[in-house]
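We count ligands from 1, going down the list as the structure has it; atoms in each ligand are counted the same way.
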Amino acid sequence: MSAHLIADGVAFSYERGQPVLNRASINIESSEFTGIVGPNGSGKSTLLRILGGLLAPASGTVTLDGEPMARIGHRMRAQRVAFLPQSVQPTFSLTVFETVCLGRHPHLGALGTLTPHDRDVAERCLDAADCTDLRRREFMTLSGGERQRVMLASILAQEPALLLLDEPTSSLDVHHQVEIFDLLRRLAEDGYGVCVVTHDLNLAAQFCGNVLLLSGGSPEPVAQGTPVDVFAETTLSEAYGSPISVSEHPIEHTPFISASPRSRQSR
Ligand SMILES: Nc1ncnc2c1ncn2[C@@H]1O[C@H](COP(=O)(O)OP(=O)(O)OP(=O)(O)O)[C@@H](O)[C@H]1O
Ligand SMILES: [Mg+2]
């Protein structure tokens, strides 16, 4: 199932006169792995919520396969687009397997009963996110990184065409970070459209085909394109309001980004 989500010229404010986003445009489509990056508070989660239909833009349009997002029903949208929020607070006790099965919800019939196929999908997604060993644990007792992997398994179980993921690796160890980015890249190669918000510019440079860079100082995006085009020293330094160095990753030969503390920069 292919899909194409387009945000065109989007603007958004939480408070009158204080725009968080302005003239932001992004395409999320099947077989593409897109990153949204930028400093804290630059509007990444806001843009992802707009893309997922959780917030309506003040101006601009958001369409899924040509249809305005606001006109698509919740269940239909959930079958095509999965959204992983930046943080998840469990409010009731479920096992890991039950949590992953929640992802099947948009596909269940009126009685909400899981079929053997739903269970097979959940098992496969547990394995893909390296959570099979956790399947009988209570979700609430998991570490932050374990929870993050289980939530990823849960939205994979939704079997959407497009995945919108807000910092899916922020709590993961270095091994799981790279494994999850590699999994997301493979999903894009298999035809999923993947959009990830991340603070890890080096992982974005290594794995994403396109990136959108938001700014700390302006609601308008600073740059958009391939990581090689966007991750230039002047562009990143403008977005982050602080000098940022770019060299070449010694193994991957992708841009390798580093920042120094202000105290060192003034020496
Ligand atoms: N519900 C809200 N009400 C008012 N302001 C909000 C709300 N949510 C976010 N903001 C503000 O909007 C701006 C953008 O927030 P957003 O969460 O999109 O940033 P972000 O780029 O995802 O940041 P981070 O990297 O810290 O997650 C911030 O200044 C934030 O304080
Ligand atoms: Mg955020």
Side-chain angles (χ1 to χ4, degrees), residues 5-28 33-62 69-70 81-91 144-145 147-149 151-152 154-155 162-172 177 180-181 184 194-208 210-225 227 230-231 235-244 257-259 261-262:
L5 178 57
I6 304 176
D8 187 21
V10 160
F12 186 86
S13 311
Y14 291 99
E15 287 172 37
R16 219 189 161 91
Q18 293 178 22
V20 170
L21 292 170
N22 195 21
R23 292 203 272 187
S25 299
I26 188 167
N27 276 3
I28 314 298
F33 188 1
T34 301
I36 300 176
V37 298
N40 290 131
S42 56
K44 302 180 297 300
S45 297
T46 304
L47 180 56
L48 207 68
R49 282 188 219 122
I50 291 171
L51 286 167
L54 282 82
L55 289 175
S59 61
T61 56
V62 182
M69 201 59 164
V81 181
F83 178 83
L84 181 69
Q86 189 165 352
S87 62
V88 179
Q89 291 301 333
T91 48
R147 282 185 190 192
Q148 212 165 24
R149 295 199 327 263
M151 288 314 300
L152 179 64
S154 181
I155 71 148
L162 305 178
L163 295 163
L164 306 177
L165 311 159
D166 199 345
E167 299 197 36
T169 60
S170 58
S171 302
L172 300 190
Q177 278 179 18
I180 294 297
F181 265 82
L184 296 175
V194 182
C195 177
V196 68
V197 167
T198 182
H199 283 295
D200 196 320
L201 302 177
N202 289 312
L203 285 175
Q206 206 176 319
F207 288 94
C208 293
N210 311 290
V211 286
L212 175 72
L213 174 63
L214 298 180
S215 165
S218 157
E220 294 191 16
V222 179
Q224 190 162 16
V230 172
F231 292 164
T235 315
L236 286 171
S237 302
E238 179 193 337
Y240 285 84
S242 171
I244 289 186
I257 297 108
S258 53
R262 282 182 207 280

Donor-acceptor contact below 3.5 Å, side chain Gln177 vs main chain Leu172
yes
Give the atoms of ligand 1, by number and element, whose distance to some non-hydrogen atom of Thr46 is under 4.0 Å.
14 (C), 15 (O), 16 (P), 18 (O)
Distance-only donor-acceptor check, side chains Tyr240 and Ser215, under 3.5 Å
no
Could you tell me whether the side chains of Gln18 and Ser13 share a donor-acceptor contact shorter than 3.5 Å?
no
State whether the side chain of Asn22 and the backbone N or O of Ala11 hold a donor-acceptor pair below 3.5 Å, judged by distance alone.
no
What atoms of ligand 1 come closer than 4.0 angstrom to any heavy atom of His199?
25 (O)
Ligand 1 to Asn40, heavy atom cutoff 4.0 Å, flagged ligand atoms 23 (O), 24 (P), 25 (O), 26 (O)
How far is atom 17 (O) of ligand 1 from the closest protein heavy atom, and which atom is that?
Ser45 CB, 3.7 Å
Do any non-hydrogen protein atoms sit less than 4.0 Å from atom 4 (C) of ligand 1?
yes
For Gly43, take its heavy atoms, then give the atoms of ligand 1 lying under 4.0 Å from any of them.
14 (C), 18 (O), 19 (O), 20 (P), 21 (O)
When you draw lines from the Mg ion (ligand 2) to OE1 of Gln86 and to OG of Ser45, what angle lies between them, to the nearest 10°?
80°
Value for CD1 (Ile36) from CG (Leu51), rounded to nearest 0.5 Å, stands at 5.5 Å
Candidate with minimal heavy-atom separation from atom 29 (O) of ligand 1, of Ser170, Ser87, Gly41, Pro39
Gly41
For a quick check under 3.5 Å, do Gln148 and Ser170 share a side-chain donor-acceptor pair by atom type?
yes
Looking only at distances, can you tell me whether any N or O atom of Lys44, backbone or side chain, sits closer than 3.5 Å to an N or O atom of ligand 1?
yes
Main-chain N/O of Glu167 paired to Thr198 side chain as donor or acceptor, under 3.5 Å:
no
Gln86 heavy atoms within 4.0 Å reach ligand 1 at atoms 27 (O)
Close approach of Ser42 to ligand 1, heavy atoms, under 4.0 angstrom:
yes
So do Phe83 and Ile155 actually touch side chain to side chain, heavy atoms under 4.5 Å?
no
Return the closest protein heavy atom for atom 2 (C) of ligand 1 as residue, atom name and distance.
Tyr14 CD2, 3.4 Å
Relative to the heavy atoms of Glu167, which atoms of ligand 1 are at a distance of less than 4.0 Å?
25 (O), 27 (O)
Tested for side chain to side chain contact (heavy atoms under 4.5 Å, CB included) against Cys208, the lone hit among Thr34, Val196, Leu203 is Val196
